[in-house]
J.: 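Mind having a look at this structure? Questions to follow.
Throughout, protein chains are lettered first and strands after them, A, B, ... in sequence-line order, and every chain is numbered starting at 1.
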Amino acid sequence: AQSVSQHNHHVILSEAASLELGCNYSYGGTVNLFWYVQYPGQHLQLLLKYFSGDPLVKGIKGFEAEFIKSKFSFNLRKPSVQWSDTAEYFCAVNGSGGSYIPTFGRGTSLIVHP
Amino acid sequence: DAGVTQSPTHLIKTRGQQVTLRCSPKSGHDTVSWYQQALGQGPQFIFQYYEEEERQRGNFPDRFSGHQFPNYSSELNVNALLLGDSALYLCASSFQGRGGNTIYFGEGSWLTVV
């Protein structure tokens with residue numbers, strides 16, 4: 001079975017600060033990895049995804065994530081956050097070649113103060 | 001290009017009642033998954049429908065059932081509602097073809113059981 005752990009449940013930053021949200025997964029095979037974002041009052045949106053190839057993945061809005069296979073990690077980063085990045089962030093994993101049913105982490109609530 | 005649409009957006013039901021939630025997948029998608037998102041938690045997988053059949057099911061009781069129609073739209077039914085069923089119910093769609101293993105979410109249906 002696959003599982004996802006997001007260690008930071010609540011993060012509070014000031015604008016222009018750097019962001020790194022941790023995500024570790026448990027799965028015995030090849031994985032597909034995702035970060036989704038849920039802005040207040042909006043639906044879950046895909047930020048970025050990793051299927052294969054370059055382990056450093058660029059997403060929308062200046063976000064990036066690095067897949068480190070040896071650490072079973074897929075941390076999300078942004079060099080300089082904005083107030084508009086205030087949202088809930090979810091890491092998800094599913095075994096590649098499967099039925100495309102990602103397992104989600106509990107989520108990290110990010111608040112950015114202007 | 002229409003995204004995933006869900007109805008109703010909000011509803012209130014009484015314990016013991018039954019509820020039906022509806023979902024239309026993103027254009028071109030043939031697979032629908034349903035998730036339950038309790039407050040402060042990540043989405044939990046309920047089940048997935050493909051070719052009008054339930055392909056996979058998460059750890060949810062038989063009170064949760066579903067259906068997929070020939071036009072790929074789907075319904076989620078919950079019988080004998082409990083207070084603990086109060087949550088945001090998310091529909092997600094995807095395409096089972098090659099490279100289609102990214103799911104897209106609707107805005108969800110907020111269910112309150114009183």
J.: Show your working on side chain to side chain contact (heavy atoms under 4.5 Å, CB included) between A/Ile101 and B/Arg57 and close with a plain yes or no.
T.: CA-CA 10 Å; A/Ile101 300 172; B/Arg57 189 179 184 91; over 6 Å; no
J.: Measuring centre to centre across the rings, with the benzene-like ring taken for any Trp, is B/Tyr35 within less than 6.0 Å of A/Phe104?
T.: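 Under 6.0 Å, so yes.
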J.: What's the shortest heavy-atom distance between A/Tyr36 and B/Ile103, and which atoms?
T.: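 Smallest heavy-atom distance, with atoms named: OH-O, 2.8 Å.
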J.: Less than 4.5 Å to any heavy atom of chain B: does that hold for the side chain of A/Gln45, its backbone, both, or neither?
T.: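 For A/Gln45, there is no contact with chain B at all, as no heavy atom is under 4.5 Å.
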J.: Please tell me whether A/Tyr27 and A/Val57 are part of a single hydrophobic cluster in this structure, the criterion being side-chain heavy atoms less than 4.5 Å apart.
T.: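 Yes, A/Tyr27 and A/Val57 fall within the same hydrophobic cluster.
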J.: Could you tell me whether B/Asn71 atom CG has more than 12 heavy atoms of other residues or ligands within 6.0 Å of it?
T.: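 More than 12 within 6.0 Å, yes.
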J.: Under a 4.5 Å heavy-atom cut-off, does chain B meet the side chain of A/Leu44, its backbone, both or neither?
T.: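 A/Leu44 touches chain B through backbone and side-chain heavy atoms alike.
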J.: In Å and rounded to the nearest 0.5 Å, what is the CD to OG1 distance from B/Gln44 to A/Thr103?
T.: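 So the CD of B/Gln44 and the OG1 of A/Thr103 are separated by 8.5 Å.
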J.: Taking CG in B/Leu39 as the centre, count heavy atoms belonging to other residues, nucleotides or ligands within less than 6.0 Å. Is the count above 12?
T.: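 Open: at most 12 neighbouring heavy atoms sit under 6.0 Å from CG of B/Leu39.
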J.: Is it possible for you to say whether A/Tyr39 and A/Leu48 belong to one hydrophobic cluster, with membership spreading through side-chain heavy-atom contacts below 4.5 Å?
T.: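 Looking at the clustering, A/Leu48 is in the same group as A/Tyr39.
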J.: If you take all heavy atoms of B/Gln37 and A/Phe90, which pair is closest and at what distance?
T.: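 Minimum heavy-atom separation between B/Gln37 and A/Phe90: NE2-CZ, 3.2 Å.
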J.: Answer with yes or no whether the hydrophobic clustering places A/Leu46 together with B/Leu90; edges join I, L, V, M, F, W, Y residues whose side-chain heavy atoms lie under 4.5 Å apart.
T.: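 The answer is yes; both residues are in one hydrophobic cluster.
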J.: Around B/Tyr72, counting heavy atoms of other residues, nucleotides and ligands shown, do more than 12 lie under 6.0 Å from its OH?
T.: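 Atom OH in B/Tyr72 is not packed in, count stays at 12 or less.
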